[in-house]
Each structure stands twice: as structure tokens, then as C-alpha cells.
Amino acid sequence: MSDDVIHRFTRTVPEWRPRVVPVKLAEATPEQLEALQVTPSNTKVSDYVLVLAHDVETLKVRSPLFNAIMYGKGGLSRAERELGALAASVVNHCIYCAAVHADRHAQLSKDKTVTDKLFAMGEKADLGPRDRAILDFGMRLARTPHEATVEDVQALRDAGLDEGEILDLTLSTALFSWANRLMHILGDPVRKAG
């Protein structure tokens, strides 16, 4: 691994250097261009998505699913969905995804405290009851799904989450348990040039 690969968690989003050559938009097939029209956010098409465009059928399913889980109306707040994704990213040591989700959580919640504590103290971070329950459940689910128990779900209810919010948390955590593994294989988080 090269010296510019980042190994520590940060809220500063690094660049992602793909190991698989991304599809070039100017050379993309009509099928790839169609699949790329449903991007995961309102931002530019990332190199990650351009790598995934090599498998058009998967991308055509992945992007709408991603959008529904992370940006769907109602249920768990956007900030708390990001916290579930962050829990998975920390467990999987996905530096890039952890930075993205920590930054989004801080922006959406207008508070850096949770991510600062998490990155400084790890899983033992002193958090409020709702954030603590979300983080504990997300980490257990990401680490080994069967370790997320009935008691963990009850802890979510005790922290004020309803059934729809619990499902949203499960979906965002599970989505990034999978996505982190793709990120690790397909590329590396690197320091931004300049």
C-alpha cells in the first residue's frame, strides 16, 4: 500500500483511488449512461459509481435501492441513517465511507460532537441514549448480523425509535456493511492532492 493511503478515521473526506478503471463517460455505452442517470445523490457521478457501471444490471438495481434507503421520506432521520452507515463503516474500517457519513451526520445534525467522540474514543464514546443505541445496534449488525439481538432492538425502542425507524436503521447499516466491502476491494482512500 502506498504512503498516501489514509489509515485513520477523519471527518475530512479523502479522495478515493480506484483499482479498477472507471467507465469514462465519453466512452460509455447507452446502457451504462442509462444506469448512471440514477445517481446516489445530487452530486457528480463518483469514480466509485463509474467503476460499478461496468456491471450495468447491478448498478440499475443498486442506485435506486441506495436512494430509497438513504434518502427516503419519513422514518429515521437522515442524520441517524448516516449514523447507522457510519457504525458499519467504523466496524469495517472503511476510511472513505466513515469520512463521508461522519461529515454528512455532522452537517445534517449541525453538530460534530457525536462523530468527534466516536473517532476519539471509539465504540466506548460517551453518547446520548438514542445515539448510543443506534451506534451499538449498527456495530453489532455490521460485525456479525446474528449478534444483533432482541435486546438490542428493545434498546432501540427504549431510546425512542419506532418500528419504521428500526427498519430504516437496519437497512442503512446493512447497505453499508455491503458497500464498505466493495470500497475496500475496488479502491483506496488517499490524501487529496494539493
Check whether any side-chain N or O of [X] sits under 3.5 Å from a backbone N or O of [Y] as a donor-acceptor pair, and report yes or no.
X	Y	result
Arg132	Asp126	no
Asp162	Gly164	yes
Ser63	Lys60	no
Arg19	His184	yes
Asp103	Ala99	no
Arg81	Leu76	yes

Mind checking the [atom1]-[atom2] spacing from [X] to [Y]? Nearest 0.5 Å is all I need.
X	Y	atom1	atom2	result
Leu127	Ile134	CG	CD1	10.0 Å
Thr173	Leu86	OG1	CG	10.0 Å
Leu118	His105	CG	NE2	9.5 Å
Leu169	Leu83	CG	CG	8.0 Å

Are the side chains of [Y] and [X] in contact, using a 4.5 Å heavy-atom criterion?
X	Y	result
Val190	Pro14	no
Met70	Arg78	no
Thr115	Phe9	no
Leu36	Leu50	yes
Gln154	Asp158	yes
Leu52	Thr58	no

Any chance you could lay out the salt bridge (Lys or Arg N to Asp or Glu O under 4.0 Å) test for Arg11 and Asp116, step after step, and finish with the verdict?
-> CA-CA 8 Å; Arg11 197 174 27 257; Asp116 284 349; 2.8 Å; yes
Consider only side-chain N and O atoms of Thr113 and Asp111, and report whether a donor and an acceptor are under 3.5 Å apart.
->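 Thr113 vs Asp111: donor-acceptor pair found between side chains.
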Check the side chains of Asp152 and Thr149 for a donor-acceptor pair under 3.5 angstrom, ignoring hydrogens and angles.
->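 Note: Thr149 and Asp152 side chains meet the donor-acceptor criterion.
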Take atom NZ in Lys112; do more than 12 heavy atoms of anything else shown fall under 6.0 Å from it?
->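 Open.
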Does the pair Glu80 and Arg130 meet the rule for a side-chain contact (heavy atoms from CB on, under 4.5 Å), with working shown?
-> CA-CA 10 Å; Glu80 291 174 330; Arg130 188 171 170 105; 2.6 Å; yes
Any ring-ring contact (aromatic ring centres under 6.0 Å, His included) involving residues 122-160? Give me the pairs, sequence neighbours left out, ordered by first then second residue.
->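 Found none.
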Test salt bridge (Lys or Arg N to Asp or Glu O under 4.0 Å) applied to Glu151 and Arg140, step by step | CA-CA 12 Å; Glu151 291 79 17; Arg140 284 192 184 99; over 6 Å; no
Aromatic plane relationship, Tyr96 with Trp16 - under 30° parallel, 30 to 60° tilted, over 60° perpendicular =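 Plane angle between 30° and 60°, so tilted.
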Would you please name every residue forming a side chain to side chain contact (heavy atoms under 4.5 Å, CB included) with Val20, sequence neighbours left out?
->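 Once residues adjacent in sequence are excluded, the partners of Val20 under the side chain to side chain contact (heavy atoms under 4.5 Å, CB included) criterion are Val51, His54, Leu186.
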